Protein chains: 2
Amino acid sequence: MSKSTHREDHLKALYTLGEEAGQESWVSTNAMAAHLDVKPPSVTAMVHVMSELGWAEHRPYRGARLTPLGKKLALTLVRKHRLWETFLVERLGFGWEEVHDIAEQLEHIDSVSLVDKLDAYLGHPTIDPHGDPIPTAKGQIADSRRLTPLLEWPHDKPCQVGAVKDSNDKVLVELTSLGIELGTVLRPEDRLKVPLALAEEVLVEPQSSQEISTNE
Amino acid sequence: MSKSTHREDHLKALYTLGEEAGQESWVSTNAMAAHLDVKPPSVTAMVHVMSELGWAEHRPYRGARLTPLGKKLALTLVRKHRLWETFLVERLGFGWEEVHDIAEQLEHIDSVSLVDKLDAYLGHPTIDPHGDPIPTAKGQIADSRRLTPLLEWPHDKPCQVGAVKDSNDKVLVELTSLGIELGTVLRPEDRLKVPLALAEEVLVEPQSSQEISTNE
DNA sequence: CGAATTTTTTAGGTCTGTCTAAAAAATAAA
DNA sequence: TTTATTTTTTAGACAGACCTAAAAAATTCG
């Protein structure tokens, strides 16, 4: 991995964990180390670098969090990742469980015009194959959907699959084999077939328009 | 750059220079160093590594050349590079002068299924945007065209642009602005407009079928 | 509150690819 | 063919990202 690839990976880890924990909070060294599969001292070292670069703020023995600049850079990475995932699924025909690792590499390709052209080629998509929103070129996430965990959705109302949580590949494969993909309409009776372990990975929204049901 | 990216860059340099010089010949350390923009001792070190990996043969103080395995690996890199260039030009709308640097990054993406799917998505192209042949998945280059330098082509016969030599970006831009691209038919009178410096970068073949002329 | 535990940082080392400077081999020239 | 020049390799050092082990700070618990 290149210098910038390493930095970008740490940046994205800090962004991701920071989002999970809430805006103000400090992300612990251990959490980042676990997320990146490295040892804590490596994270400390890279946090110092990110701090030098103005990407992150570091409170020794407390943790780190992104500066506005760091957050902006992280969002361009997220944007690239999700655009590439969209390309891989929609154009190349990959399954939604296959694309994460490849996009993880593609997101580090350094070319602004490439991202712009890819975005246009895909028709300026707003969500990726897992239902995650794609930030705009300016780093805005405009996600107007109101997603609800499937398990919290009223049992008697139909809904539509809007996203899946960051899941392992197996969960995604099993969902596919049940006929569940993005946009699938789930009627009350459809939900009975879905094992709990899978159902808790699914986020739904109110049924919108003409969409597919699990019964084809 | 990652470990494998560095190795792959040296491998490709050795392949490229070896092709230019002819099959049997040894590629000098200096030539590789100049091509890769590193100092000779770095090349020596990497040649040792490639030798360890079974990719290259090294005769101290003479040079290096690829083993059959090395050549096979180099051809998969060339294949990836040229497929990505094709994608960038044909799908994303880049100019043929813009794609080399981006493809240089993309060719290092590690995923066999990605290459296969990209190849299929592009319709199994046989030449890239510069007219260079794209090796097959098995590393075969089947280029049946008989390309001739434009300057050696009979002055009274029309021809068709089949390829451009590895040129700098400016040459490619100027060719484009003269209406010359891959497949362009050049009639005897068209050739008069082409400056020598550009003409010597162009390879042509007999006119085949329905194609574009410079006069639109 | 003070001791035990956990977390984080520092210290020091490895690995890989780069470099410069010096030595060795090959080539060119006198 | 003997010397001078060029090319290549070796020797030794540096930069970056990683590691383990030990020290320092924070937290938890009796």
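For clarity, every value in this text was computed on a predicted model and none was experimentally measured.
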message: Just the rounded figure in Å: distance from C1' of C:dA25 to NE2 of B:His58.
response: 12 Å
query: Nearest-Å distance, CG (B:Leu36) to C1' (C:dC19)?
result: 15 Å
message: Rounded to whole Å, how long is the line connecting atom CE of B:Met46 with atom P of C:dC15?
response: 16 Å
query: Between A:Arg65 and A:Glu57, is there a salt bridge with N-O shorter than 4.0 Å?
result: yes
Along DNA chain D, first and last positions that approach a heavy atom of chain B under 4.0 Å: D:dT7 to D:dT10
Between C1' of C:dA26 and CZ of B:Arg59, the distance in whole Å: 15 Å
message: Distance check, rounded to the nearest 0.5 Å: B:His130 atom NE2 versus B:His100 atom NE2?
response: 8.5 Å
task: Starting from the 5' end of DNA chain D, give me the residue, A:Ala45 or A:Tyr61, whose nearest nucleotide shows up first.
output: A:Ala45
- prompt: Rounded to the Å, how far apart are B:Glu52 CD and C:dT16 P?
  reply: 12 Å
message: For a quick check of understanding: with a heavy-atom distance under 4.0 Å over all strands, which category does A:Pro41 fall into, base, sugar-phosphate or nothing?
response: base
- prompt: Cation-pi between B:Lys71 and B:Tyr15: NZ/CZ under 6.0 Å from ring centre and within 45° of the ring axis?
  reply: no
- prompt: Which value, rounded to the nearest 0.5 Å, describes the distance between A:Lys39 atom NZ and A:Thr29 atom OG1?
  reply: 14.5 Å
- request: With DNA chain D as reference, determine whether A:Asp37 or B:Thr29 sits nearer its 5' end, using the nearest nucleotide of each.
  value: B:Thr29
- request: Please round to the nearest 0.5 Å and tell me the distance separating atom CD of B:Glu181 and atom CG of B:Leu175.
  value: 10.5 Å
message: For B:Phe87, does the six-membered ring have the charged nitrogen or CZ of B:Arg82 within the cation-pi criterion, i.e. under 6.0 angstrom from the centroid and within 45° of the normal?
response: no
query: Tell me: CE of B:Met50 to C1' of C:dT16, nearest whole Å?
result: 15 Å
